[in-house]
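This report concerns only the one structure given below.
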Amino acid sequence: MAGDDYEEILKYYELHGTVGTGGFAKVKLARHRLTGEKVAIKIMDKLALQDDLPRVKLEIDAMKDLSHQHICRLYHVIETPKKIFMVLEYCPGGELFDYIISKDHLSEEEARIFFRQIVSAIAYVHSQGYAHRDLKPENLLIDEEHNLKLIDFGLCAKPKRGKYSTPKWLSPSSTLLLDQMLQVDPKKRITVQHLLSHPWLMQGFSDAVQWQSKYPLGHLDEDCVRELSVFHQQSRESILQLINEWKYDHMSATYLLLLSKKTRGKRVRLRFPCLPEHASTMMSTVLEHSRPDAQLEDTEFTLSTPVTRKVASKKHENKENVETVSALRNEMPFVLPTPKTPLAKSQIETQVQAVPLKAAAFKESQFTAVTPIKKPATPTNADELAADEILPERRCQSVELDLNLAHVDSSQKKRKAKIFGSLERGLDKVITMLTPSKKKRCTRDCPRKLKAHCNITTTHLLNPDELLNEIIIVLSKKHVEYVQKGYTLKCQTRSDFGKVTMEFELEVCQLTKPEAVGIRRQRLKGDAWVYKRLIEDILSSCQV
Ligand code: 3I7
């Protein structure tokens with residue numbers, strides 16, 4: 001990072017992982033320091049942009065003029081000598097493109113809901129005198145509420161938009177609609193106005209698509225204005241004046257992010273920024289008394305739960321707690337059993353991995369997996385596994401011991417009880433998930449035969465067991481918890497508070513055409529961007 005260019009953005013935002021890279025741009029997830037809200041930041045290199053710089057300026061101008069429920073909101077623009085930063089609304093569901101791929105194809109009902117949103121956005125864009133001209137599923141993101149948001153304005157594309165074939169599963173009415181929209185001659189093409197009440201979009205709906213903005217520019221929210229005026233100790237009028245300038249500076253960003261918080265039913269509250277330690281402590285004390293409810297959520301962007309990672313703490317809890325939790329984690333190495341593959345038929349097939357199987361080892365350990373042991377697969381029989389199972393009473397003892405840490409002084413006890421309460425809840429979930437079920441035994445002793453599909457990665461490996469072992473080792477290295485059922489690994493990641501942040505499945509399968517061993521993947525829960533990165537990371541680490 002070139003220090004000077006990032007100085008300004010880092011004042012206001014905490015930068016996290018990269019979720020996309022284009023020619024001269026990259027997009028990073030970030031957190032707005034004052035509101036704690038997640039955002040996406042598009043970072044462009046001015047030097048590399050060269051002739052494309054006017055296009056970026058056009059994109060920024062367009063986005064400043066557009067405020068609509070299905071358009072990714074621009075919050076803040078920062079320009080430095082070398083970079084342009086566009087702070088944008090966060091859409092955890094990722095690209096519509098990936099979503100469609102993950103489902104193979106959408107049902108007409110779901111396609112209709114999405115399509116109504118796209119038509120709504122486009123009608124609004126046109127009403128404002130703009131044309132997007134690069135409409136594609138990669139440029140439609142899915143937000144927290146599973147609604148679409150249009151991105152990437154200012155990219156000029158010459159309409160060719162020509163010949164096409166219609167998938168066989170489409171109904172005649174949707175085929176007709178496509179035909180009306182894909183006319184090359186603009187005079188023959190259906191207008192957006194007609195689309196709003198087209199029969200295909202009206203099936204199951206009584207109203208035409210509502211394209212008018214629910215968030216018109218110009219109206220200011222009183223609660224957000226009040227919070228800003230209290231925070232900055234300035235009159236309501238001067239805050240109104242500053243917001244109304246719409247400079248897309250920190251004031252615009254803070255107002256819009258507060259508004260977004262309010263829309264999602266959260267409290268309209270600002271946090272105090274990071275200050276030198278003594279000042280911060282004073283501020284925290286003031287805050288603790290004035291707003292005991294204002295908290296930082298424990299949702300994070302991070303991919304896994306590394307032992308060394310810091311824990312998101314409540315804003316008025318001091319550093320001490322963060323260190324205590326990290327230290328405890330560091331002191332509690334996780335004993336990992338030898339990866340087992342379903343080689344032997346006699347072997348119990350619902351296996352628990354990345355968990356301590358021995359009670360003695362368990363006493364010392366908590367949630368996260370650490371060092372994987374790369375060993376050849378060892379067949380294990382059901383008796384052996386049963387003998388190694390963790391007895392419920394041992395589990396309770398272990399938790400109790402930890403909860404009653406003798407060295408905790410009384411002022412810390414309350415806070416630690418909260419942390420351990422959360423750890424305990426997390427532990428309960430882990431135990432429930434990881435306790436091998438005696439009833440459900442999978443009888444599968446060979447991988448499923450599947451046809452090649454976009455959710456399946458083909459590998460050069462020939463032996464499915466070898467591949468399964470490889471994946472298990474990588475999962476353990478990346479601190480991903482998993483439960484093995486035959487050739488399927490049910491995986492999950494957690495935040496430091498034990499909250500499950502992501503769930504997905506990996507399955508080693510036998511591909512028929514072409515004949516190969518593959519990995520099927522499916523996201524079940526969690527941020528699509530983080531999932532995409534983690535999967536890419538796992539697959540490349542498996543050297544498939
Ligand atoms: N195909 C999209 C990749 C990710 O890109 C974005 C993600 C978010 C917001 C904006 C973009 C974007 O504009 N990307 C881009 C466009 C043109 C060239 C290069 C990059 C996003 C992520 N979460 N929430 C919003």
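Order of listing sets the numbers, starting from 1, for every ligand and every atom in it. FYI, the numbering just counts along the sequence from 1. Fair warning: this is a prediction, and the values are worked out from it, not measured in the lab.
- Those atoms of ligand 1 with a heavy atom of Glu89 less than 4.0 angstrom away are 24 (N), 25 (C).
- Taking the centre of each ring, His32 and Tyr13 come in below the 6.0 Å mark.
- Using a 4.0 Å cut-off between heavy atoms, Thr21 makes no contact with ligand 1 at all.
- When only interatomic distances are considered, the shortest N/O to N/O separation between Asp152 and ligand 1 does not fall below 3.5 Å.
- For ligand 1 and Leu88, the ligand atoms under 4.0 Å from any heavy atom of the residue are 9 (C), 10 (C).
- The aromatic ring centres of Tyr75 and Tyr255 sit 6.0 Å or more apart.
- By the 3.5 Å distance cut-off applied to N or O atoms, Glu138 is counted among the residues near ligand 1.
- Within a 6.0 Å sphere centred on CD of Gln241, other residues, nucleotides and ligands contribute 12 heavy atoms or fewer.
- Applying the salt bridge (Lys or Arg N to Asp or Glu O under 4.0 Å) test to residues at least two apart or on different chains, the pairs with a partner in residues 104-114 are Lys103-Glu110.
- By the 4.0 Å heavy-atom criterion, Lys26 is excluded from the residues contacting ligand 1.
- Geometrically, Arg521 does not engage Phe504 in a cation-pi contact defined by less than 6.0 Å to the ring centre and at most 45° from the axis.
- Under the side chain to side chain contact (heavy atoms under 4.5 Å, CB included) criterion, Glu145 pairs with Asp143, Asn147, not counting sequence neighbours.
- Residue Lys42 has at least one nitrogen or oxygen atom sitting less than 3.5 Å from a nitrogen or oxygen atom of ligand 1, judged on distance alone.
- Heavy-atom distances between Phe97 and ligand 1 stay at or above 4.0 Å for every pair.
- The N/O atoms of Cys91, backbone and side chain alike, include one that comes under 3.5 Å of an N/O atom in ligand 1.
- Between Glu95 and ligand 1, a contact under 3.5 Å exists for at least one N or O pair.
- With ligand atoms numbered from 1 in the order given, ligand 1 contributes 19 (C) to contacts under 4.0 Å with heavy atoms of Ala25.
- Ligand-side atoms of ligand 1 in range of Val27: 5 (O), 6 (C), 7 (C), 8 (C), 11 (C), 12 (C), 14 (N), 20 (C), range being under 4.0 angstrom from any heavy atom.
- The ring of His132 has its center closer than 6.0 angstrom to the ring center of Phe153.
- For Arg533 against Thr18, the heavy-atom pair with the smallest separation is CD-O, 3.0 Å.
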